[in-house]
Amino acid sequence: VSDAPELERMFLPGPVAVAPEVLAAMLQPMVSHRTPQMSARLAAMQPMLQALFRTTQPVLLVTASATGLMEAAVRSLRPAPVLCVVGGYFSERFAKIAEACGRTVIRLRVPFDRPVTAQDLDEALQAHPYVGAVTMVHSETGSGVLLPLAELVATIRARSDALILVDAVTSLAGSPVETDALALDVVFTGSQKAMGLPPGLAFGVVSEKYLAQARHLPGRGFYLDLVSLHESAQRSLFPQTPALPIVFALEHQLRRIGAEGVEARWARHARMRGLVDGWSARTGVAILAPVGARSHTVSALRVADGQAEAVAHAMAARGYVLTIGLPPYDGDFIRLGHMGDVQPGAVEGVLEVLGEVIGTP
Ligand SMILES: Cc1ncc(COP(=O)(O)O)c(C=O)c1O
């Protein structure tokens, strides 16, 4: 795509390349966010946001990065222990935030190169039946592992009435996240991932069950209080001054997502997943996540020992932006993001060059 070179060149697992017309939409004059017109514009964005979240509940929007809603999700939990599934960099962050918010955290540690299983969770819940919430990262951006969410949710519900908090930061908009069908209690993402927007907005959905517990809880804070953010979303109000340029970009991008179709967007991401899998099989370059548990939006690819930086630099010299693995995989793995508005042809292009750089057959 000649007018969007970064969509052919930038393969970070966030922030992603943004389509030029979406960037251009940010250049609108500023307006008051407290007008009926802006409420109408926000209301008009809801159906597409709800389609992405697979929900009929209002999708709340906050000017923060995704970590803001991660913190919001644990901030309003009742003071019971929290079971944090820790299988990677961002799931560990969820646990740290829960601790920072004064919660007692029980870590269910899982090797970073595989998903937590229903059996792991079942055993943890048997050992700790009194947890008030379970945190999980659907698509772990550090490892590219995707969790079998439906199965895990069924396991939790069979043992416990704990709230289920799901980081869907690199799954939502790139693959289905069944917020309502699974009755998830908090689901959130950030703008700079598969939604294909600049960073700066976070989106979330919160269940009635969560809200019913949270409403009675003192000390929920103010800016990131999910109860008030939910109420504002219900009334199509911006509770504080939003990052208007990104809101304008969102408005435009939701129209583009509507034109592509949400299911078609998921299918395109599944195709990109398949392309990386096929390339890995042909070249012998290993993917960290096991078959059947691979994120549709990000892949951690094994390079020679200690060569991750060198490979990323060699790709940069050829005009491609990739990044290295996150600890403990920062030496031997590079990460390829294939999400947002990136097209399958561009993924084929970067893989071809990557193969040359790594020296694959
Ligand atoms: C799975 C996951 N969770 C949380 C975050 C944190 O998002 P942010 O940097 O927008 O706060 C990221 C960012 O890469 C992520 O990939």
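All ligand and atom numbering here is 1-based and tracks the order in the structure. Along the sequence shown, residues carry numbers from 1.
- Counted by atom type alone, Ser171 and His138 present one or more donor-acceptor pairs between their side chains at under 3.5 Å.
- Look at Glu356 and Arg318 and you find no salt bridge, because none of the NZ, NE, NH1 or NH2 atoms lies under 4.0 Å from a carboxylate O.
- Residues lining ligand 1 at a heavy-atom distance below 4.0 Å are given as Ser65, Ala66, Thr67, Met70, Phe90, Arg93, Val137, Ser139, Thr141, Asp167, Val169, Thr170, Gln192, Lys193, ordered by chain and residue number.
- Summarising the geometry, atom CE belonging to Met10 is positioned 10.5 Å from atom OG1 belonging to Thr323; distances are rounded to the nearest 0.5 Å.
- Counted by atom type alone, Thr67 and Arg93 present one or more donor-acceptor pairs between their side chains at under 3.5 Å.
- A donor-acceptor contact closer than 3.5 angstrom is absent between the side chains of Thr283 and Thr360.
- Relative ring orientation between Tyr329 and Phe112 is described as tilted, the plane-to-plane angle lying within the 30° to 60° band.
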